[in-house]
Amino acid sequence: MLGALRGLFLGKPLDVAQFRAMSSSASSTEIATFAAGCFWGVEHIFLKHYPPSQNKGILKTSVGYTGGKASAADPTYRQVCSGTTDHAEALRIEFDPNVISYAELVEFFYRTHDPTTLNRQGADVGTQYRSAIFYHTPEQLEIAKRVTEEVQEKHFTPKGKKIATEIVEADQWWDAEEYHQLYLFKNPTGYQCPTHRLHW
């Protein structure tokens, strides 16, 4: 995959299959699910800093939709963008907890967007762009709450701002259409929300 990334920056075609081929040799993996605005940029910044080829703990990712109405099964991008399904654009991460902790992923999630704006990131406005942590286990819930309190106290209370991130139980996940997967790796000049950067 490192070769694919080099190719990306040298103007050579990206072999997306190399990203898809990444798999885990770990005996146990966990899932983390985050929503932080347009999922193109969320996936891009996580993979840029934790590329699977460098064994930093993230094994693979997918973008999709979650947190919506039960009646809105298998939504399309157009339906989610209409705001009628209540889904969030989200990133699903498979990771090796022996290499990277869930707490580190949660902290990185907060570093890479503005969690103080309700239902928006930058110019992207709507419930699909909300900031949310979808926890998969009671342990993840406790970690998410603890890290949120720490980040609030250290980075936002001094600025007079309040984290608006939802912390809710993960429910049905729907993969987004294939063209959304690894979008900014396949389209490096594509749209990227300006809030998707390292804030500290």
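Counting from 1, the numbers follow the sequence of the chain as shown. Hydrogens, waters and symmetry mates play no part in the numbers below; they use all other heavy atoms, side chains included.
Within the model, atoms OG1 of T33 and CG of L105 stand 11.0 Å from one another, a figure rounded to the nearest 0.5 Å. Note that the NZ atom of K56 and the CG atom of L47 stand 11.5 Å from one another [nearest 0.5 Å]. Rounding to the nearest 0.5 angstrom, the gap separating the OH atom in Y129 from the CG atom in L118 is 15.0 Å. Note that OG1 of T127 and CZ of R120 are 13.5 Å apart. Values are rounded to the nearest 0.5 Å. Rounded to the nearest 0.5 angstrom, R197 CZ and K48 NZ are separated by 11.5 Å. The NE2 atom of H196 lies 12.0 Å from the NE2 atom of H44; values are rounded to the nearest 0.5 Å.
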Check against side-chain contact (heavy atoms from CB on, under 4.5 Å), T61 and E43: CA-CA 7 Å; T61 61; E43 180 178 51; 2.8 Å; yes

Evaluation steps, side chain to side chain donor-acceptor pair (under 3.5 Å), between T157 and Q152: CA-CA 6 Å; T157 298; Q152 173 65 50; 3.0 Å; yes

Worked check of side-chain contact (heavy atoms from CB on, under 4.5 Å) between Y179 and N187: CA-CA 10 Å; Y179 75 91; N187 302 277; over 6 Å; no

side-chain contact (heavy atoms from CB on, under 4.5 Å) evaluation trace for S131 with E166: CA-CA 6 Å; S131 175; E166 299 177 354; over 6 Å; no

Q192 and L184: CA distance, side-chain angles, deciding distance, side-chain contact (heavy atoms from CB on, under 4.5 Å) verdict: CA-CA 8 Å; Q192 186 166 0; L184 286 172; 3.8 Å; yes

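Here the closest non-hydrogen pair linking W173 and V63 is CZ2-C, 3.6 Å. The two residues L59 and T29 come nearest to each other via the heavy atoms CD1-CG2, 3.4 Å. Between P97 and S28, the shortest heavy-atom contact is CD-O, 3.7 Å. The shortest heavy-atom contact between R130 and F134 is NH2-CZ, 4.5 Å. Minimum heavy-atom separation, W174 to A72: NE1-O, 4.3 Å. The minimum heavy-atom distance linking E89 with C81 is given by the pair OE2-SG, 4.3 Å.
A side-chain donor-acceptor contact under 3.5 Å links D171 and T66.
V42 has its side chain out of reach of H113: every pair of non-hydrogen atoms, C-beta onward, lies at least 4.5 Å apart. For the pair Y50/F108, a side-chain contact is recorded, criterion being any heavy-atom separation below 4.5 Å from C-beta on. Looking only at side-chain heavy atoms (C-beta outward), T112 and L198 come within less than 4.5 Å of each other. Side chains of I93 and I31 form no contact here, defined as non-hydrogen atoms less than 4.5 Å apart. With contacts defined as side-chain heavy-atom distances shorter than 4.5 Å, the pair Q121/P194 does not qualify. Put simply, the side chain of V106 reaches to within 4.5 Å of the side chain of F34, judged on heavy atoms. Counting only heavy atoms from C-beta outward, the side chains of V147 and F109 never approach each other to under 4.5 Å. Counting heavy atoms from C-beta on, the side chains of R111 and W200 come closer than 4.5 Å.
Clustering ILVMFWY residues whenever any of their side-chain heavy atoms sit less than 4.5 angstrom apart, transitively, puts V125 in a cluster other than the one holding Y191. Tracing side-chain contacts under 4.5 Å through hydrophobic residues (I, L, V, M, F, W, Y), one never reaches I133 starting from V168; they form parts of separate clusters.
Using the six-membered ring where Trp is involved, Y65 and F39 have ring planes that are tilted, between 30° and 60° apart. A tilted orientation is assigned to the rings of H180 and Y77, their planes being inclined by 30° to 60°. Using the six-membered ring where Trp is involved, W40 and Y183 have ring planes that are parallel, under 30° apart on the 30 and 60° scheme.
The side chain to side chain contact (heavy atoms under 4.5 Å, CB included) test with T148 singles out one residue from T165, I167, I143, and that residue is I167.
Remark: E104 pairs with no residue by the salt bridge (charged side-chain N to carboxylate O under 4.0 Å, His left out) rule, at least two apart or across chains.
For K145 (side chain) and Q140 (main-chain N/O), no donor-acceptor pair under 3.5 Å exists by modelled atom type. A donor-acceptor contact shorter than 3.5 Å is absent between the side chain of H87 and the backbone of G83. Remark: the backbone N or O of D86 is not paired with any side-chain donor or acceptor of Q128 at under 3.5 angstrom.
Between E150 and R146 there is a salt bridge, with a side-chain nitrogen of the basic residue lying less than 4.0 Å from a carboxylate oxygen of the acidic one.
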